[in-house]
**Student:** 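Structure incoming, see below.
All values below were derived from every heavy atom in this structure, side-chain atoms included, with hydrogens, water molecules and symmetry-related copies excluded. In the text below, chain A, chain B and the rest are named by the order of the sequence lines, each starting its count at 1.
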Number of protein chains: 2
Amino acid sequence: MSNNHFRRGELYSFITGKASTAIARRLQKKFNSAGLNVTIEQWSVLYHLWKQDGISQQELCNATFRDKPSITRLVDNLERLQLVKRVSSDADRRMNLIYLTRQAQKLQEQSMEIAEETLNEALEGVPPERIEICKEVLQIVYDNLK
Amino acid sequence: MSNNHFRRGELYSFITGKASTAIARRLQKKFNSAGLNVTIEQWSVLYHLWKQDGISQQELCNATFRDKPSITRLVDNLERLQLVKRVSSDADRRMNLIYLTRQAQKLQEQSMEIAEETLNEALEGVPPERIEICKEVLQIVYDNLK
DNA sequence: GACATATAGTTGTTTATACAACTATCCAAA
DNA sequence: TTTGGATAGTTGTATAAACAACTATATGTC
């Protein structure tokens with residue numbers, strides 16, 4: 001018997017991801033206001049390239065939980081914006097290694113500040129130990145389903 | 001001073017909604033396997049109509065946190081699938097009242113069971129009091145940003 | 001009653017996601 | 001060395017979200 005029987009109505013928010021949608025929308029608005037001309041999805045790709053530059057599209061798929069066509073098109077758009085460059089790997093010519101341009105490197109600091117600011121607004125008034133529990137629960141959910 | 005300063009990396013999952021994305025993908029797969037020919041987004045509209053039939057598109061916007069064009073097109077698609085019908089209101093002819101068809105009424109029980117089952121899988125191993133805290137935190141996040 | 005303004009819904013455009021089908025390259029086993 | 005399977009990436013198609021611009025109807029005020 002499950003101990004997790006949901007009351008109606010509680011179910012809806014969990015499935016639709018109300019909270020993360022609200023965070024993403026707020027972050028997008030802040031990017032726009034700051035004149036940062038990137039979508040949240042593009043930013044999420046840059047985010048991983050800032051951590052490690054020159055990784056393959058497949059590694060970006062794994063890091064961002066997207067499928068290959070999604071990454072192909074995000075990289076297409078980032079390339080069009082001159083924020084990344086595809087360089088086909090010498091070691092394995094099936095692979096594209098994705099490199100940040102100087103322009104993208106300049107976005108890092110400002111956009112990360114805006115992201116932190118957004119999360120602080122989102123979590124205002126929530127005690128740290130409750131944030132911790134929430135994060136752990138969401139991680140378990142992800143692990144249960146992946 | 002904020003007590004919610006995020007360590008790098010924690011930030012990412014919150015913004016991208018990894019957990020709710022995983023739930024939605026699992027639910028969609030289960031719908032497909034069961035031969036339920038609806039998307040999660042369409043289901044989320046039906047969900048509110050099952051609670052109250054014959055509401056306006058604007059009310060669906062509020063209930064589902066979507067903008068008007070999104071609801072216009074979801075209702076377009078639901079109408080094409082013969083799951084809902086637009087009926088223009090006598091009282092205010094700007095409004096469309098959206099009514100479930102018999103076919104949509106038949107989907108309710110099975111799809112709600114699948115949704116509950118999915119959430120139970122997602123939350124397996126999470127004690128109820130931690131689910132409660134998680135829900136409260138996500139609600140505060142939403143309220144902080146809306 | 002006429003007009004300004006607000007509200008309900010639609011359409012156009014861009015970006016993104018999911019799935020299936022495809023091409024190119026790599027690698028291992030016969 | 002050939003061949004068959006696996007892997008990396010692309011393309012086609014359908015659905016959806018966000019934003020701006022639009023039409024039609026309602027309402028409050030003069």
Side-chain angles (χ1 to χ4, degrees), chain A residues 15-18 20-33 37-46 55-81 83-84 86-98, chain B residues 15-18 20-33 37-46 55-81 83-84 86-98:
Chain A
I15 287 176
T16 55
K18 238 175 47 165
S20 60
T21 305
I23 292 174
R25 288 206 266 240
R26 170 69 60 96
L27 182 57
Q28 184 69 69
K29 288 213 170 98
K30 280 173 176 281
F31 279 177
N32 295 345
S33 300
N37 196 25
V38 289
T39 66
I40 301 307
E41 294 82 2
Q42 291 164 0
W43 176 84
S44 80
V45 170
L46 297 178
I55 61 180
S56 69
Q57 294 188 198
Q58 183 57 56
E59 288 172 303
L60 284 172
C61 293
N62 301 338
T64 64
F65 323 113
R66 289 181 172 89
D67 68 359
K68 290 192 289 181
S70 296
I71 290 295
T72 292
R73 274 135 185 169
L74 279 173
V75 172
D76 285 348
N77 286 339
L78 284 166
E79 213 170 22
R80 214 146 34 75
L81 292 167
L83 293 172
V84 306
R86 283 177 167 97
V87 177
S88 98
S89 164
D90 284 340
D92 183 340
R93 281 185 317 178
R94 291 171 301 179
M95 289 200 297
N96 294 331
L97 304 182
I98 311 301
Chain B
I15 287 176
T16 56
K18 239 176 45 167
S20 60
T21 305
I23 292 174
R25 287 207 266 242
R26 171 69 61 96
L27 182 57
Q28 184 69 68
K29 288 214 169 95
K30 281 174 176 279
F31 278 177
N32 295 345
S33 301
N37 195 26
V38 289
T39 67
I40 302 306
E41 294 83 2
Q42 290 164 0
W43 176 84
S44 80
V45 170
L46 296 178
I55 60 180
S56 69
Q57 293 187 200
Q58 183 57 56
E59 288 172 303
L60 284 172
C61 293
N62 301 338
T64 65
F65 322 113
R66 290 181 171 88
D67 68 359
K68 290 191 290 180
S70 297
I71 290 296
T72 291
R73 272 131 184 172
L74 280 173
V75 172
D76 285 349
N77 286 340
L78 285 166
E79 212 169 24
R80 213 147 34 76
L81 292 167
L83 293 172
V84 306
R86 284 178 167 96
V87 177
S88 96
S89 165
D90 283 340
D92 182 341
R93 282 187 317 180
R94 289 171 303 180
M95 290 200 295
N96 294 330
L97 304 182
I98 311 301

**Student:** Just how far, in rounded Å, is P of C:dA16 from CZ of A:Arg80?
**Tutor:**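 Rounded to the whole Å, the gap is 9 Å.
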
**Student:** Indicate yes or no: at least one non-hydrogen side-chain atom of B:Leu46 is less than 4.5 angstrom from one of B:Leu78.
**Tutor:**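 Side-chain contact under 4.5 Å: yes.
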
**Student:** Nearest to the side chain of B:Asn77 - D:dT15, C:dT17, D:dA18?
**Tutor:**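 Of the candidates, D:dT15 comes closest.
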
**Student:** Checking B:Ala22 now: which residues fulfil side-chain contact (heavy atoms from CB on, under 4.5 Å) with it, not counting sequence neighbours?
**Tutor:**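 Once residues adjacent in sequence are excluded, the partners of B:Ala22 under the side-chain contact (heavy atoms from CB on, under 4.5 Å) criterion are A:Tyr142, A:Leu145.
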
**Student:** For A:Gln42 and C:dA16, is the shortest distance between a side-chain N/O and OP1 or OP2 below 4.0 Å?
**Tutor:**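 For C:dA16, OP1/OP2 do have a side-chain N/O of A:Gln42 under 4.0 Å.
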
**Student:** Expressed as a whole number of angstroms, how long is the span from A:Leu74:CG to C:dT17:C1'?
**Tutor:**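 Computing the A:Leu74:CG to C:dT17:C1' distance gives 9 Å.
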
**Student:** Excluding sequence neighbours, so at least two apart, what forms side-chain contact (heavy atoms from CB on, under 4.5 Å) with B:Ile40?
**Tutor:**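 So B:Ile40 forms a side-chain contact (heavy atoms from CB on, under 4.5 Å) with A:Ile15, B:Leu27, B:Gln28, B:Phe31.
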
**Student:** From CG of B:Leu60 over to P of D:dA16, roughly how many Å is that when rounded to an integer?
**Tutor:**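 One finds 14 Å between P of D:dA16 and CG of B:Leu60, rounded.
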
**Student:** Taking CD1 from A:Ile23 and P from D:dA18, how many angstroms apart are they, rounded to a whole number?
**Tutor:**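 Atom-to-atom, A:Ile23 to D:dA18, this comes out as 15 Å.
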
**Student:** If you compare every side-chain N and O of B:Arg93 against the phosphate oxygens of D:dA24 (OP1, OP2), does one of them come in below 4.0 Å?
**Tutor:**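 No, outside the criterion.
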
**Student:** Please list, chain by chain and in numerical order, all residues satisfying salt bridge (Lys or Arg N to Asp or Glu O under 4.0 Å) with B:Lys30, sequence neighbours excluded.
**Tutor:**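 Testing B:Lys30 for salt bridge (Lys or Arg N to Asp or Glu O under 4.0 Å), a comparison that skips the adjacent residues, returns B:Glu117, B:Glu121.
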
**Student:** Just how far, in rounded Å, is C1' of C:dT15 from CG of A:Asn32?
**Tutor:**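 After rounding, the reported distance stands at 13 Å.
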
**Student:** Does C:dT17 have its OP1 or OP2 closer than 4.0 Å to a side-chain nitrogen or oxygen of A:Arg66?
**Tutor:**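 The answer is yes; a side-chain N or O of A:Arg66 sits under 4.0 Å from OP1 or OP2.
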
**Student:** In whole angstrom, what separates B:Arg25's CZ from C:dA18's C1'?
**Tutor:**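 Going from B:Arg25 (CZ) to C:dA18 (C1'), I get 9 Å.
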
**Student:** For the backbone of A:Arg66 and the side chain of A:Ser70, can you confirm whether one donor and one acceptor N or O come within less than 3.5 Å of each other?
**Tutor:**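 Answer holds: no.
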
**Student:** Distances for protein N/O vs nucleotides 2-4 of chain D N/O pairs under 3.5 angstrom?
**Tutor:**
none

**Student:** Starting at atom CG of A:Leu46, determine the distance to atom P of C:dA16, rounded to an integer number of angstrom.
**Tutor:**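 Distance, rounded to whole Å: 11 Å.
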
**Student:** Suppose we screen for side-chain contact (heavy atoms from CB on, under 4.5 Å). Which residues come up paired with A:Lys68, at least two apart in sequence or across chains?
**Tutor:**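 Per chain and number, A:Lys68 pairs via side-chain contact (heavy atoms from CB on, under 4.5 Å) with A:Gln58, A:Cys61.
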
**Student:** A:Glu41 has an atom CD; how far is it from atom P of C:dA18, in whole Å?
**Tutor:**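 In whole Å, C:dA18 P and A:Glu41 CD are 11 Å from each other.
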
**Student:** Nearest heavy atom decides the nucleotide; on that basis, is A:Ile40 or B:Gln28 closer to the 5' end of DNA chain C?
**Tutor:**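 Looking at the nearest nucleotide for each, A:Ile40 comes out on the 5' side.
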
**Student:** Run the side-chain contact (heavy atoms from CB on, under 4.5 Å) test against B:Ile55 and tell me which residues pass, sequence neighbours left out.
**Tutor:**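 Counting only residues at least two positions away or on another chain, B:Ile55 forms a side-chain contact (heavy atoms from CB on, under 4.5 Å) with B:Leu49, B:Gln52, B:Glu59, B:Leu60.
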
**Student:** Can you give one letter per nucleotide of nucleotides 1-11 of chain C, going 5' to 3': B for a protein heavy atom under 4.0 Å from the base, S for sugar-phosphate only, - for none?
**Tutor:** -----BBBBBB

**Student:** List in chain and number order the residues that pass salt bridge (Lys or Arg N to Asp or Glu O under 4.0 Å) with A:Arg86, two or more places apart in sequence or in another chain; answer none if no residue qualifies.
**Tutor:**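 Scan of A:Arg86 (salt bridge (Lys or Arg N to Asp or Glu O under 4.0 Å), adjacent residues dropped) gives A:Asp76, A:Glu79.
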
**Student:** Can you sort out the partners of A:Asp92 under salt bridge (Lys or Arg N to Asp or Glu O under 4.0 Å), two or more places apart, ordered by chain and number?
**Tutor:**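 Per chain and number, A:Asp92 pairs via salt bridge (Lys or Arg N to Asp or Glu O under 4.0 Å) with A:Arg94.
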
